[in-house]
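Note on naming: letters A, B, ... go to the chains in the order of the sequence lines (proteins, then strands), and numbering restarts at 1 for each one. FYI, side chains are in, hydrogens and waters are out, and symmetry mates aren't considered; it's all heavy atoms of this structure.
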There are 2 protein chains.
Amino acid sequence: MTVTFKDVKADLLDQIAQGVMPPGSLLPNETDLAARYGCARATVNRAMRELAEEGIVERKRKAGTRVRSAPIRQARFAIPVVREEIEAQGADYRYSLIQHRKQDVPDWLRARLSLRRGQKIVHVVCMHWADGVPYQHEDRWINPEVVPGVLRASFATSGPNEWLLAEVPFSNAEISFMAIEADQDLADHLDCAPGTALFRTERTTWLPDGPITLVRLTHRQGHRITTRY
Amino acid sequence: MTVTFKDVKADLLDQIAQGVMPPGSLLPNETDLAARYGCARATVNRAMRELAEEGIVERKRKAGTRVRSAPIRQARFAIPVVREEIEAQGADYRYSLIQHRKQDVPDWLRARLSLRRGQKIVHVVCMHWADGVPYQHEDRWINPEVVPGVLRASFATSGPNEWLLAEVPFSNAEISFMAIEADQDLADHLDCAPGTALFRTERTTWLPDGPITLVRLTHRQGHRITTRY
DNA sequence: TAGTGGTCTAGACCACTGA
DNA sequence: CAGTGGTCTAGACCACTAC
């Protein structure tokens with residue numbers, strides 16, 4: 001049986017976990033490890049590269065590979081499409097449009113998206129429901145200069161997120177999570193008391209051409225996001 | 001100049017972005033792409049593997065590689081050590097201990113961590129300050145059966161997070177983010193009004209031996225976490 | 001069952017960078 | 001400037017799975 005990069009990775013991880021390679025210690029170089037494991041250097045390289053990507057070790061040319069003293073653990077969160085998120089829970093998904101209009105870009109948004117004065121922007125507000133219960137409130141601004149098709153979209157029966165997914169293959173994004181207090185409007189839509197602590201996701205996306213959209217997703221009371229690593 | 005996997009990756013990404021390869025479309029197989037780019041198949045493989053890891057494409061043996069229609073974009077968040085997070089902002093870090101005792105495991109925690117009845121647990125509550133302003137409230141439970149050294153730690157001058165980092169090389173974890181309302185106690189410590197919406201991180205970590213710790217980090221008003229992808 | 005991706009190898013050259 | 005990781009190559013065998 002040949003030694004795979006997964007074998008090497010698992011063994012190194014095990015040695016780190018067992019304390020054989022304590023935090024800060026220097027691992028042997030790739031050539032030596034390859035000899036020890038009886039495999040090619042490329043195999044060791046892949047194992048160690050993945051450990052580095054996961055934040056377990058730190059690699060520097062000439063300096064070698066060290067066990068990180070404070071592992072930069074990073075959590076990966078999937079960014080779900082709300083319809084799929086709801087249906088994955090076995091619930092019935094429903095969408096409703098609250099507002100949809102083209103308007104002048106407000107100043108705060110112009111600053112956030114680096115837009116020009118006097119530009120128009122599409123503003124869509126809608127709700128996503130799970131089994132008839134309010135699930136998520138969506139407040140979105142879309143830049144028609146980058147995605148002109150938005151001027152012909154109605155959003156009457158499905159949300160702008162799904163429309164954008166079909167329209168824009170992918171984009172760069174900045175995403176933030178925060179806690180906010182429900183104002184009267186959000187409280188009405190999410191069926192909670194004003195002042196309730198709500199979880200909010202805010203995402204801005206760009207194409208090389210310019211900013212596409214800013215969206216504020218406010219989740220129903222008690223929503224949390226979870227991941228393992 | 002030889003063609004690198006980054007070249008291939010960038011070119012494919014560009015074609016996807018430009019709509020040359022629309023969502024759902026099938027990419028050529030590795031051998032063909034290698035011929036087209038004039039490089040080895042391994043080079044193409046690495047490029048496409050990374051695109052797959054990033055959720056841009058989907059790969060299946062025999063079926064080939066397709067552009068994802070709904071990119072499973074995933075955001076990676078670094079899990080910072082609070083001292084480093086504060087010092088990285090150029091602020092002065094200060095720590096203070098609020099409570100530290102060994103006690104019986106409360107029922108809710110026993111259920112959460114799958115502990116035995118009658119077991120003891122170390123409960124530590126402390127605060128982290130940035131430039132003299134409350135930054136984060138930490139409420140932590142540590143299982144001495146897995147990390148017995150905790151019974152000798154004082155936590156008088158530095159927090160349990162740093163102690164654990166030095167003690168436990170790494171571990172599996174489940175992390176959640178949510179919004180909560182400040183109770184009187186949190187309000188006092190974080191200098192805000194009761195009922196204020198606060199951002200909370202909750203993390204449980206395990207070693208193969210058993211659960212290590214459950215921690216609730218409550219951040220000061222207005223805290224948000226952000227990432228780009 | 002045939003085609004695709006997954007991985008290993010042995011060797012090579014190179015880029016970075018710490019001692 | 002010497003040692004380390006970063007990467008490419010050409011070829012090979014294999015594992016999975018859609019057709």
Any side-chain heavy-atom pair of A/V124 and A/W163 under 4.5 Å: no

B/F77 and A/F77 aromatic ring geometry - parallel, tilted or perpendicular at 30°/60° bounds: perpendicular

Set of residues satisfying salt bridge (Lys or Arg N to Asp or Glu O under 4.0 Å) with respect to B/R152, sequence neighbours excluded: none

Validation row: A/I86, A/Y135 side chains within 4.5 angstrom (heavy atoms): yes

First of A/G38 and A/K62 reached from the 5' end of DNA chain C, by closest nucleotide: A/G38

B/R41 vs B/R46, nearer the 5' end of DNA chain D by closest nucleotide: B/R46

Min side-chain heavy-atom separation B/L115-B/P211 under 4.5 Å: yes

Check: A/N143 and A/I212 side chains under 4.5 Å, non-hydrogen atoms: no

With sequence neighbours excluded, residues passing salt bridge (Lys or Arg N to Asp or Glu O under 4.0 Å) with A/R61: none

Strand contacts (DNA chain C) in residues 2-17 of chain B, 4.0 angstrom heavy-atom criterion: none

Interatomic distance, A/R61 CZ vs C/dA15 P [rounded to whole Å]: 9 Å

Partners meeting salt bridge (Lys or Arg N to Asp or Glu O under 4.0 Å) with A/E50 (sequence neighbours left out): A/K9, A/R46

Leading and trailing nucleotides of DNA chain D with any atom under 4.0 Å from heavy atoms of chain B: D/dT7 to D/dA18

Sugar-phosphate only, base, or nothing, as touched by A/A42 at under 4.0 Å among non-hydrogen atoms: base

DNA chain C contacts made by residues 25-32 of chain B, counting heavy atoms under 4.0 Å: B/N29, B/E30

Minimum side-chain heavy-atom gap B/P134-B/R220 below 4.5 Å: no

A/R83, A/E84, A/E87, A/H128 screened by side chain to side chain donor-acceptor pair (under 3.5 Å) with A/Y93, the one that passes: A/H128

